[in-house]
Amino acid sequence: DTTPSHSEGGTGSGPGSGHLSAGLLSLALGTKTGYKLFSLTMVKKLDCIHESAETPDVYIVERLFSSSLVVVVNTTMPQRMNIYHFKKGTEICNYSYPNNILSVKLNRQRLVVCLDESIYIHNIKDMKLLKILLNTPSNPSDPSATYYSCPLAGLCALSINHSNSYLAYPGSATIGEIVVYDANNLNTVTMIPAHDSPLAALTFNASATKLASASERGTVIRVFTIPEGLRLFEFRRGMKRYVNISSLSFSPDGQFLCASSNTETVHIFKLEQLGPSGGDEAATWTAYVGKMFSAASSYLPAQVSGMMSQDRAFATVHLVMSAQRNICTLAIIQKLPRLLVATADGQLFIYTMDPLDGGECTLAHKHRLFGVDDDQGEGKEAEGKEVTGPAQACPSYAATAALPASGPVTATLTGYSEDGGAKKGEVIPEHEFAAGPVCLDDENEFPPVSIQKC
């Protein structure tokens, strides 16, 4: 089984969060034997670019966009974070924390480590500890949850836009308050009263101008402006039953938002664009009415204002299975908008979405990340097996370490310093550092989907 960061990568037994670039998907998979890194440039072409079996029971693996920097946490040492240069096969450094690590988020400016009741913010250039947010609300949504059980713990979101490194995390363990924190300037931006029940999912759009959220009930998904924290959209996923939202993800252009849960349906919502003037005049009557009722929500009864600002899903996917953790994300692959769904049994489904008319998405291809299909002989199943066959086998950790460094290093990262390190931080001796700085200058990269396997 796999475990979505989002999107963004959380702990637990479902897939982690993910973000996709326009045309390039990088996927990180944590397993009982180590971790794997994949790249997806075409619908039918999934390449395993690296596999490490040196660290067993990996429950967090986060890659910095499509660079060589990978952050790994395993169940054997859940209080320690290891940072590797996987192309050189070397460890850059590791840090230990006072409690178990629940999630890790990173962009080109900041690396954020979330514990149960505290959050550590590092400068990613030298790993200097910049801030500890203490006494944050207890983050695991289920006290009995383990690393490989649902629901996910360590809920937080870090924007991929490093110019606006906003961090969002729960402000309460009992209601759905969101704290928006500026990780660059190290100050709280706003507190958003988003839901009546505790939070279950958070994600920023690529430009960090919008934040989407869902609560443990899973019936309503709301989108807020950032940094103001004003309610912009409200989408109803369903009214008949409560569900566990496992992932939220914006499309690269911010026009669509997808949501997956423990049900068989993945919903895609469309964020209506404003008129050409960019002002308050909305492009459609539905959006106009939605904005009016959202503005009036401060004085209308909650039930009335909530119901009147809803909108139906623009597009949907009905999965062949339900009650199984999964993550979803949107990307442009081969010039067409695609919905990708990774499931806990090791499958990656790629659907094509109609950006004009929406409706039911069509299955374009299925890949097998690990495990074996029950019905290998059938058409699409067999195709998925071919993609992940021996021809695309992952290079081993030893083979990767033996490879010479490719090309000149142009980044400014000079290593990770002990000064200001995390509490109980361990420093790697100088001779164990990577021979050169880790390249962080990949301009066209977006964060990967992170999946943790139990």
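A cation-pi contact links R108 to F65, judged by a cut-off of 6.0 Å to the six-membered ring centre and 45° from its axis.
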Worked verdict on L232 versus L230 for side chain to side chain contact (heavy atoms under 4.5 Å, CB included): CA-CA 6 Å; L232 189 60; L230 303 176; over 6 Å; no

Side chain to side chain contact (heavy atoms under 4.5 Å, CB included) assessment of L199 paired with E216: CA-CA 6 Å; L199 297 170; E216 288 183 354; over 6 Å; no

Verdict with supporting geometry, Y95 and H122, ring pair (Phe, Tyr, Trp, His ring centres under 6.0 Å): CA-CA 11 Å; Y95 276 88; H122 295 267; 5.6 Å; yes

CA sep, side-chain torsions, deciding dist, call: L158, L111, side chain to side chain contact (heavy atoms under 4.5 Å, CB included): CA-CA 9 Å; L158 180 68; L111 186 147; over 6 Å; no

Working for ring pair (Phe, Tyr, Trp, His ring centres under 6.0 Å), residues Y35 and H50: CA-CA 8 Å; Y35 67 90; H50 180 71; 5.7 Å; yes

Worked verdict on V104 versus V112 for side chain to side chain contact (heavy atoms under 4.5 Å, CB included): CA-CA 6 Å; V104 177; V112 174; over 6 Å; no

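Taking the side chain as every heavy atom from C-beta outward, V71 and L69 approach each other to under 4.5 Å. Between V317 and L339, the closest side-chain pair of non-hydrogen atoms falls below 4.5 Å. A heavy-atom distance below 4.5 Å is not found between the side chains of L248 and L202. Between L115 and P98, the closest side-chain pair of non-hydrogen atoms falls below 4.5 Å. Under the 4.5 Å side-chain criterion, counting only non-hydrogen atoms from C-beta, R110 is in contact with L130. Proximity of V61 to L29: side-chain heavy atoms (C-beta onward) are nowhere separated by under 4.5 Å.
Atoms CD1 and CD, on I83 and E91 in that order, are 9.0 Å from each other to the nearest 0.5 Å. From L46, atom CG reaches atom CG of L369 across 6.5 Å, with rounding to the nearest 0.5 Å. Between I119 atom CD1 and L133 atom CG the span is 5.5 Å, to the nearest 0.5 Å. Interatomic distance, NZ of K105 versus SG of C114, reported as 9.0 Å (0.5 Å rounding). Distance check, rounded to the nearest 0.5 Å: NE2 of H267 to CD1 of I221 gives 8.0 Å. Distance check: F224 CZ to L211 CG gives 7.5 Å after rounding to the nearest 0.5 Å.
For Y181 and Y166, the gap between ring centers reaches or exceeds 6.0 Å. H367 and F38 have their aromatic ring centers separated by at least 6.0 angstrom. For F256 and F250, the distance between ring centers is not under 6.0 angstrom.
Proximity of a side-chain donor or acceptor of S260 to a complementary backbone N or O of S246 within less than 3.5 Å is not detected. No donor-acceptor distance shorter than 3.5 angstrom exists from the side chain of S159 to the backbone of A208, with no hydrogens or angles considered. Under a 3.5 Å cut-off, the side chain of T136 and the backbone N or O of S118 do form a donor-acceptor pair. Counting only distance, with no hydrogens or angles, the side chain of R368 and the backbone of F370 share a donor-acceptor pair below 3.5 Å. The main-chain N or O of N94 is never found under 3.5 Å from a side-chain atom of N82 such that the two would form a donor-acceptor pair. Side chain of R222 to backbone of S213: no donor-acceptor contact under 3.5 angstrom is found. Judged purely by atom type and a 3.5 angstrom limit, N205 uses its side chain to pair as donor or acceptor with the backbone of K210. With N326 contributing its side chain and A344 its backbone, the two residues share no donor-acceptor pair below 3.5 Å. At distances below 3.5 Å, at least one donor-acceptor pair connects side-chain atoms of N74 with backbone N or O atoms of T76. A donor-acceptor pair under 3.5 Å is formed between the side chain of T31 and the backbone N or O of T33.
Remark: the S165 side chain and the N107 side chain contain an N/O donor-acceptor pair separated by less than 3.5 Å. No side-chain N or O of Q109 forms a donor-acceptor pair with one of N123 less than 3.5 Å apart. Checked by atom type, the side-chain pair D116/S138 shows a donor-acceptor distance below 3.5 Å. A donor and an acceptor atom, one from each side chain of S249 and T203, are nowhere located under 3.5 Å apart. With no hydrogens or angles considered, no side-chain donor-acceptor pair links T263 and T265 at under 3.5 Å. Between Q347 and K366, the side chains place a donor N or O and an acceptor N or O closer than 3.5 Å (distance only, hydrogens not considered). For the residue pair S39 and S26, no side-chain donor N or O sits within less than 3.5 Å of a side-chain acceptor on the partner. With hydrogens and angles left out, the side-chain atoms of E360 and T316 include a donor and acceptor closer than 3.5 Å.
Aromatic ring pairs are classed by plane angle as parallel below 30°, tilted from 30° to 60° and perpendicular above 60°; the pair Y120 and Y97 is perpendicular.
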